[in-house]
*Asks:* 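This is the structure I want to talk about, given as structure tokens.
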Amino acid sequence: MTELKNDRFLRAMLRQPVDRTPVWMMRQAGRYLPEYRATRAQAGSFLDLCKNAELACEVTMQPLRRYPMDAAILFSDILTIPDALGLGLYFEEGEGPKFHKTVRSEADLAGLASFKADDDLGYVMNAVRTIRNELNGEVPLIGFSGSPWTLATYMVEGGSSKDFANIKTMAYDKPELMHALLGLLADAVVDYLSAQVRAGAQALQIFDTWGGALSAAGYKEFSLKYMQRIISRLPTEADGRRIPVIVFTKNGGQWLPAIAHCGAQVVGIDWTTDIGVARSLIGDRVALQGNMDPSMLYASPARIRKEVASILESYGHGSGHVFNLGHGITPGVNPDNVTAFVDAVIELSPQYHQAD
Ligand code: CP3
């Protein structure tokens, strides 16, 4: 294996000393980049792009050519697992992801296809291997999955949802069915993330985009418990290096102490939580990732720089912070504003690491 030239991201995740705060962005490969839109057009569709290892590798590399990010993230989607389980994923322009079939009954659950990551999502593993090879040790590669709860929301609702009416009815009225589905998904996620590590992923993120739609008790029962189960079963090392895990529950700011005990090395936070407050609550157990409001990237470079300064100041001195947005970058952002964001982290963060 090629030696890793920049391990700042992996070190910060383990709260080891670094020269400056590492930075990457959720959805860094995406529609705000004209070169992404061109490659997607060449592939035909978003799903064709995910299934073509060369082109998935190309779009993974695009943001790294523009910005000195400290990590690359696999280009794929969290909905590959429900697709492989036989639900039939498709995207309708402007409407987001949809499924031909849903899971709302015991019979639907029993009808799901059996799942083996290396066989059924071999195209993802091909992409991981191709990207690792192309990265040539420049920066680490992040693999990812959705959380069981977040995947289940799409599978039960049949797509995106505002009120989660169907899945919440299931959770409250048919908890056994809900838990059977979540248990099946947890097994699939363990298999999927383990396969990504074997293929070359060096860190893992679990996206729990919709955990924050649950009640406090519901979050622990239907989301956190399954992420904890997954993490306890993942490989902890590859090539002699620790594989750190990031758990990102959007709108999970109220439950940080519980999240900090799920076994993840890093807790991702959205912009509604003050990162300094989060650090005082859980910074002795875990590293933090986040948390600039993605909409700040619509503001001027000067305003963006001020926001980066204030987040760095709020986190304070020492390692254990991975700079990121509080959620994915949006398609309307001007790519030049991302330059201002990344440059600000690079220029303003070394002072917080001097005595490390
Ligand atoms: O971060 C990265 O650069 C890696 C790629 C990545 C994508 N999706 C690419 C993508 C990752 C990590 C995801 C995760 C994902 N997918 C999540 C969890 C993170 C989050 O944003 O909360 C969720 C909920 C999904 C499901 C999904 N896929 C949605 C809601 C959408 C957007 C639909 C829309 O039209 O806005 C997608 C499609 C998708 N996934 C795109 C990209 C770049 C846009 C597709 C396109 O090119 O049109």
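Residue numbers run from 1 in the order of the sequence given. Numbering of ligands and ligand atoms starts at 1, following listing order. Since the model is a prediction, treat every value here as computed from it, not as a measurement.
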*Asks:* Could you give me the CA-CA distance, side-chain angles and deciding distance for R40 and D48, then say whether salt bridge (Lys or Arg N to Asp or Glu O under 4.0 Å) is met?
*Replies:* CA-CA 8 Å; R40 189 185 64 172; D48 291 332; over 6 Å; no

*Asks:* Under 3.5 Å, sequence neighbours excluded: what are the donor-acceptor pairs made by side chains of residues 57-64?
*Replies:*
| residue | atom | partner | partner atom | Å |
| --- | --- | --- | --- | --- |
| E58 | OE1 | R65 | NH1 | 3.4 |
| E58 | OE1 | R65 | NH2 | 3.0 |
| E58 | OE2 | Q62 | NE2 | 3.0 |
| E58 | OE2 | R65 | NH1 | 3.0 |
| T60 | OG1 | A56 | O | 2.7 |
| T60 | OG1 | F75 | N | 3.4 |
| Q62 | OE1 | Y36 | N | 3.3 |
| Q62 | NE2 | E35 | O | 3.2 |
| Q62 | NE2 | T39 | OG1 | 2.9 |

*Asks:* Considering only heavy atoms, which protein residues lie less than 4.0 Å from any atom of ligand 1?
*Replies:* M26, R27, Q28, A29, R31, Y36, R40, F46, I73, L74, F75, S76, D77, I78, L79, F91, G96, P97, F144, Y154, F207, T209, H327

*Asks:* Please enumerate all residues that pass salt bridge (Lys or Arg N to Asp or Glu O under 4.0 Å) together with D191, with sequence neighbours excluded.
*Replies:* K116

*Asks:* Are the ring centres of Y352 and H317 closer than 6.0 Å?
*Replies:* no

*Asks:* Between Y154 and S161, is any side-chain donor less than 3.5 angstrom from a side-chain acceptor?
*Replies:* no

*Asks:* Can I get a per-line list of side-chain donor-acceptor pairs under 3.5 Å for residues 240-254, giving both atom names and the distance, sequence neighbours left out?
*Replies:*
| residue | atom | partner | partner atom | Å |
| --- | --- | --- | --- | --- |
| R241 | NH2 | D7 | OD2 | 3.1 |
| T249 | OG1 | D208 | OD2 | 2.9 |
| T249 | OG1 | Y219 | OH | 2.7 |

